[in-house]
Amino acid sequence: MFALVDCNNFYVSCERVFCPALVGKPVVVLSNNDGCVIARSSEAKALGIAMGAPFFKSRDLFEKHNVRFFSSNYALYGDMSGRVMTTLEQFTPDLEIYSIDEAFLCLDGFSDLTSYAQRIRLTVRQHTGIPVSIGIAPTKTLAKLANKIAKKDASLQGVLDLADAHNIDSLLAGVAVEDVWGVGARYAAMLGRHGITNACQLKNAGDGFIHKTMTIAGLRTVRELRGEPCIELEQSPAPKKAIGSSRSFGRPVDDMAELLESVSEYVSRAAEKLRRQHCAASLVQVYLTTNRFKDEPQYANYLSCTLPSPTAYTPELISCAQACIRAIYRKGYRYKKTGILLSGITPANGLQLNIFAGGRRTRGDEKALMHALDSLNRRYGSNTVQFASSGIDKRWKMLQSYKSPFYTTRWDELPAVKA
DNA sequence: TCTGGGGTCCTAGGACCC
DNA sequence: TCTGGGGTCCTAGGACCC
């Protein structure tokens, strides 16, 4: 048996923990660059504020209903997520952290699951202040679905064990096909054209048709809806096969020097992650693009660069990425965004050395330098030491005009309790 | 002035190998 | 008139997830 524990309106809930005055009021959290709405309180949803709604188009509505809004504060959300997951680990030895706000728990061998799940809810609430909902079922896909129903139906008090339902098919018939895990907008439209609009109809669709139109992954989804487990619990996350970093700029950028700074910064971020998983990369991909929403000359391009041997040495990766930008940069455009992707990832120990790389500084020196860099930044905060090529002013940086304090990760921003 | 970021998996097609 | 068969690897594109 699987339980899916999902935090309710997670980012909004994190903000509310440290600012209880927000409880009961419409609250939203914005994407990077304060671009779109990516989390909404139930009050905000009730006002008709859509997921992904552009912030600047909604400002009037926000003002009218006194909607509170926040820039995203990932240091806070990541830290709160860790606290929730640590609490969940007390309830089962077998747990998969699926995303920042969700975990699958294996409940095999446990009894009285609904009341156990209620205890989980109360404990998470007490330890972290975060409200969660829990769906229980014999497959992950059904557990996701049960969770969705538990969130919607207030009478369930946040928990639904599908085994308790007397008529699962009628429950499935009440769930739109696009709300099934693994069915996105494209598949939902395609299925709709074939008369399949709810989860029960999808469950009863023909295997051949599903395989042909939705590949093997779609077939797994359908089998899971029938109660046949096809997707296992993954307890130890596999190392990443690709690590990317990209950001929209806070304002249009036309100067190549600033584009070079931005990719240097993004490569530094990605390389840090690469070293954290003890890997090296052999392929650097770089792209740039203008703002597709603007009625002005558009240009987008990308270029990749294969390294002679895999590396996790930031300066080498930066040189590659900057060479790519120089090659694809065209003067006269207003750029909106650059991004990089590291791939061809292999474990850093036992690297194939390059026979032609003699005479350069040794791998040992590079490793020591990166280790020192990472240690300093871990201890004293991100970007305490950085590469000059990433720039000093960084006037291209994204906007974060409405960010809440780093309540849990910076000494000088800890909330104070007044006597 | 203003529309996010970071991933995974599957498939098809092309280049290459023997 | 007439030119094989079996395979791997890589990449791009399209779908999905949060």
Side-chain angles (χ1 to χ4, degrees), chain A residues 4 6-7 9-11 28-39 50-60 62 69-74 77-78 81 96-104 140-141 144 147-148 177-191 210-221 230-231 234 237-253 262 266 269-270 273-274 277 282-283 285 287 289-296 302-304 306 334 336-345 396 398-402:
Chain A
L4 176 69
D6 189 318
C7 301
N9 319 323
F10 182 55
Y11 298 167
V28 304
V29 174
L30 305 171
S31 64
N32 274 338
N33 222 24
D34 296 335
C36 302
V37 172
I38 55 165
M51 186 68 171
F55 176 49
F56 74 95
K57 285 189 180 173
S58 315
R59 289 206 74 150
D60 290 348
F62 286 12
F69 44 86
F70 292 90
S71 301
S72 33
N73 183 346
Y74 285 104
Y77 311 149
S81 173
E96 171 187 345
I97 297 172
Y98 177 66
S99 74
I100 195 167
D101 72 334
E102 281 171 82
F104 286 103
K140 284 174 143 187
T141 303
K144 288 279 279 187
N147 185 288
K148 195 144 270 186
V177 77
E178 61 264 33
D179 287 340
V180 174
W181 191 40
V183 180
R186 295 300 182 95
Y187 283 160
M190 182 277 297
L191 291 168
I210 295 299
H211 192 171
K212 204 178 82 192
T213 53
M214 296 172 67
T215 79
I216 192 76
L219 195 52
R220 269 200 292 268
T221 295
C230 303
I231 308 173
E234 283 171 36
K240 303 260 174 283
K241 295 171 181 171
I243 298 172
S245 181
S246 64
R247 293 281 181 284
S248 296
F249 300 129
R251 56 160 172 75
V253 169
S262 71
Y266 305 155
R269 277 286 97 69
K273 282 193 194 171
L274 188 64
Q277 68 173 34
S282 61
L283 186 69
Q285 295 176 77
Y287 64 89
T289 178
T290 49
N291 189 343
R292 67 185 200 278
F293 294 104
K294 288 270 190 173
D295 184 21
E296 56 184 44
Y302 66 93
L303 192 62
S304 53
T306 304
R334 287 152 53 87
K336 177 60 180 171
K337 181 177 180 179
T338 55
I340 66 97
L341 186 71
L342 306 181
S343 57
I345 291 179
W396 40 269
M398 67 177 179
L399 302 172
Q400 274 193 304
S401 308
Y402 315 104

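We name chains A, B, ... by the order of the sequence lines, and we start the count at 1 in each one.
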(request) For A:Leu399 and for A:Leu341, locate the closest nucleotide of DNA chain B by heavy-atom distance; then report the residue assigned to the nucleotide nearer the 5' terminus. (result) A:Leu399

(message) Counting the atoms with a prime plus P, OP1 and OP2 as sugar-phosphate, which does A:Asp34 contact under 4.0 Å by heavy atoms, base, sugar-phosphate, or nothing?
(response) nothing

(request) Please identify each residue that fulfils salt bridge (Lys or Arg N to Asp or Glu O under 4.0 Å) with A:Lys144, with sequence neighbours left out. (result) A:Glu102

(request) List in chain and number order the residues that pass salt bridge (Lys or Arg N to Asp or Glu O under 4.0 Å) with A:Arg334, two or more places apart in sequence or in another chain; answer none if no residue qualifies. (result) A:Glu296

(message) The criterion is salt bridge (Lys or Arg N to Asp or Glu O under 4.0 Å); which residues satisfy it with A:Arg186, sequence neighbours excluded?
(response) none

(request) Could you tell me whether A:Val180 contacts a base, only the sugar-phosphate backbone, or nothing, with contacts defined as non-hydrogen atoms closer than 4.0 Å? (result) sugar-phosphate

(message) For a 4.0 angstrom threshold against heavy atoms of chain A, report the outermost contacting nucleotides of DNA chain B in 5' to 3' order.
(response) B:dC2 to B:dT11

(message) Taking ring pair (Phe, Tyr, Trp, His ring centres under 6.0 Å) as the definition, give me every residue that meets it alongside A:Tyr266, ordered by chain and number, with sequence neighbours left out.
(response) none

(request) Taking the side chain as every heavy atom from C-beta outward, state whether A:Glu96 and A:Lys140 have any atom pair closer than 4.5 Å. (result) yes

(request) Identify whether any heavy atom of A:Ser245 sits under 4.0 Å from a base atom; if not, whether one sits that close to sugar-phosphate; answer base, sugar-phosphate or nothing. (result) sugar-phosphate

(message) Taking ring pair (Phe, Tyr, Trp, His ring centres under 6.0 Å) as the definition, give me every residue that meets it alongside A:Tyr77, ordered by chain and number, with sequence neighbours left out.
(response) A:Tyr11, A:Tyr74

(request) Taking salt bridge (Lys or Arg N to Asp or Glu O under 4.0 Å) as the test, write out the residues that go with A:Asp6, two or more places apart. (result) A:Lys151

(message) At 4.0 Å (heavy atoms only), tell me whether A:Tyr302 reaches a base, stays on the sugar-phosphate, or touches nothing.
(response) sugar-phosphate

(request) Answer yes or no: is there a donor N or O on one side and an acceptor on the other, between the side chain of A:Asn147 and the main chain of A:Leu4, under 3.5 Å? (result) yes

(request) Look at all strands and tell whether A:Arg247 reaches a base, only sugar-phosphate, or nothing, counting heavy atoms closer than 4.0 Å. (result) sugar-phosphate

(request) Please identify each residue that fulfils side chain to side chain contact (heavy atoms under 4.5 Å, CB included) with A:Lys337, with sequence neighbours left out. (result) A:Ser246, A:Ser248, A:Tyr287, A:Thr289

(message) So A:Ile243, base contact, sugar-phosphate only, or nothing? Heavy-atom distance under 4.0 Å.
(response) sugar-phosphate

(message) Using a 3.5 Å limit for the pairing distances, which stems of at least 3 consecutive Watson-Crick or G-U wobble pairs does DNA chain C take part in?
(response) B:5-18 with C:5-18

(message) What's A:Ala185 touching, base or sugar-phosphate or nothing? Going by heavy atoms closer than 4.0 Å.
(response) sugar-phosphate

(request) Tell me what A:Lys144 touches on the nucleic acid: a base, only sugar-phosphate, or nothing, going by heavy atoms under 4.0 Å. (result) sugar-phosphate

(request) Quick one: label A:Lys240 by what it contacts on the DNA or RNA (base, sugar-phosphate, nothing), any heavy atom closer than 4.0 Å. (result) sugar-phosphate

(message) At 4.0 Å (heavy atoms only), tell me whether A:Arg220 reaches a base, stays on the sugar-phosphate, or touches nothing.
(response) sugar-phosphate

(request) Return the 5'-most residue of the pair A:Arg251, A:Ser246 with respect to DNA chain B, ranking by each residue's nearest nucleotide. (result) A:Arg251

(request) With heavy atoms under 4.0 Å as the rule, sort A:Phe55 into base, sugar-phosphate or nothing. (result) nothing

